[in-house]
Asker: 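This is the structure I have questions about; it appears just below.
Read the numbers this way: they start at 1 and go in the same order the structure lists the ligands and their atoms.
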Amino acid sequence: MSSAGGDSQSDPRAELRDIVAGTREWLVELAEEGLDDLKIPVIEPAMAKPAAPSPPEPAEPKAPVHREAPARADLSLLRDGPDWGPSPTLDTVRETLGDCTRCELCARRQTIVFGSGNPDADLMFVGEGPGEQEDKQGLPFVGRAGELLTQMIEKGIEIPRPDVYICNIVKCRPPGNRNPKPDEVAACRPFLDGQIAAVKPKVIVTLGKPAASLLLGRDVPITRVRGTWHEYQGIPLMPTLHPAFILRQYTPENRRLVWEDLKAAVARMRELGGRA
Ligand code: URA
């Protein structure tokens with residue numbers, strides 16, 4: 001937990017403030033890691049807009065849609081992945097993905113959600129995996145979290161959404177929006193790498209802990225790494241909070257953090273000659 005500094009030792013109120021701030025930071029991290037039942041205290045309730053109640057999740061389809069999932073992922077394919085060469089096109093990557101049955105997510109998906117946006121985008125966003133709306137529509141970030149992401153892009157950093165490229169770690173919806181399992185992530189990773197190789201963005205923004213952890217190659221505490229620069233395959237990478245998390249914790253502070261991360265990402269993209 002963080003401490004604001006030496007003042008708190010002589011001032012019990014400052015000490016209490018430190019404890020509350022540190023505890024809140026820890027709870028935010030736990031919530032980001034998937035402990036959604038936690039009710040994180042919002043320190044400035046008067047300023048926070050309450051999140052709209054989520055519509056009830058419809059029951060999962062009882063029967064699998066029609067594809068047979070492999071008993072286990074094909075590990076040889078996971079290890080090697082396709083060789084994209086230096087400049088694949090998004091079409092090649094999509095064609096190679098095909099009507100994928102490389103992991104068990106294929107059994108219950110309605111559509112593969114490959115990605116959307118400008119194939120030459122200078123700014124690329126990587127989320128976790130499709131939700132219910134995305135699975136229905138075949139497009140990433142078109143549900144409630146997607147609406148917020150669209151606002152962040154179009155109103156926040158003032159770039160038309162079609163000018164950026166948006167995709168996810170996994171291309172099929174994990175049932176009930178659970179976190180994708182390691183073998184599912186491994187099965188899809190070559191296609192994310194193919195998308196990055198095809199788009200060649202100047203800057204990548206990861207949304208939430210799973211995308212940051214995957215591309216940074218280690219389990220990262222998102223609240224600590226957000227707002228700090230990293231690299232993926234030589235491309236500057238800025239981790240930020242996931243819009244679904246912001247919807248759950250719609251505080252001025254969380255919105256400010258994302259705003260700062262996106263502003264930094266756009267500034268870096270422009271420094272590197274990006275156009276949007
Ligand atoms: N959350 C994600 O991570 N990706 C989507 O496409 C939608 C919601």
Asker: Starting from atom 4 (N) of ligand 1, locate the nearest protein heavy atom and write down its residue, its atom name and how far away it is, to 0.1 Å.
Answerer: N168 OD1, 2.7 Å
Asker: For E128, take its heavy atoms, then give the atoms of ligand 1 lying under 4.0 Å from any of them.
Answerer: 2 (C), 3 (O)
Asker: When M269 is tested against each of K202, M124, M238 for side-chain contact (heavy atoms from CB on, under 4.5 Å), which residue passes?
Answerer: K202
Asker: Among G146, G129, P140, which one has a heavy atom closest to atom 5 (C) of ligand 1?
Answerer: G129
Asker: Just grab all the salt bridge (charged side-chain N to carboxylate O under 4.0 Å, His left out) pairs involving residues 149-170, residues at least two apart or on different chains.
Answerer: none
Asker: Any salt bridge between R256 and E253, counting N to O under 4.0 Å?
Answerer: yes
Asker: Give a yes or no on whether L139 and L149 share a hydrophobic cluster (residues Ile, Leu, Val, Met, Phe, Trp, Tyr; joining criterion: side-chain heavy atoms under 4.5 Å apart).
Answerer: no
Asker: Mind jotting down which residue pairs meet the side chain to side chain donor-acceptor pair (under 3.5 Å) criterion with at least one end in residues 265-276? Sequence neighbours excluded, please.
Answerer: D122-R275
Asker: Hey, is E134 touching ligand 1 through its side chain, its backbone, both or neither, going by heavy atoms under 4.0 Å?
Answerer: side chain
Asker: Do any heavy atoms of Q133 fall under 4.0 Å from ligand 1?
Answerer: no
Asker: With a 4.5 Å cut-off on side-chain heavy-atom distances among I, L, V, M, F, W and Y, is there a chain of contacts connecting L207 to V142?
Answerer: no
Asker: What are the atoms of ligand 1, with element, lying closer than 4.0 Å to any heavy atom of G127?
Answerer: 3 (O)
Asker: Can you list the atoms of ligand 1 that are under 4.0 Å from a heavy atom of H242?
Answerer: 1 (N), 2 (C), 3 (O)
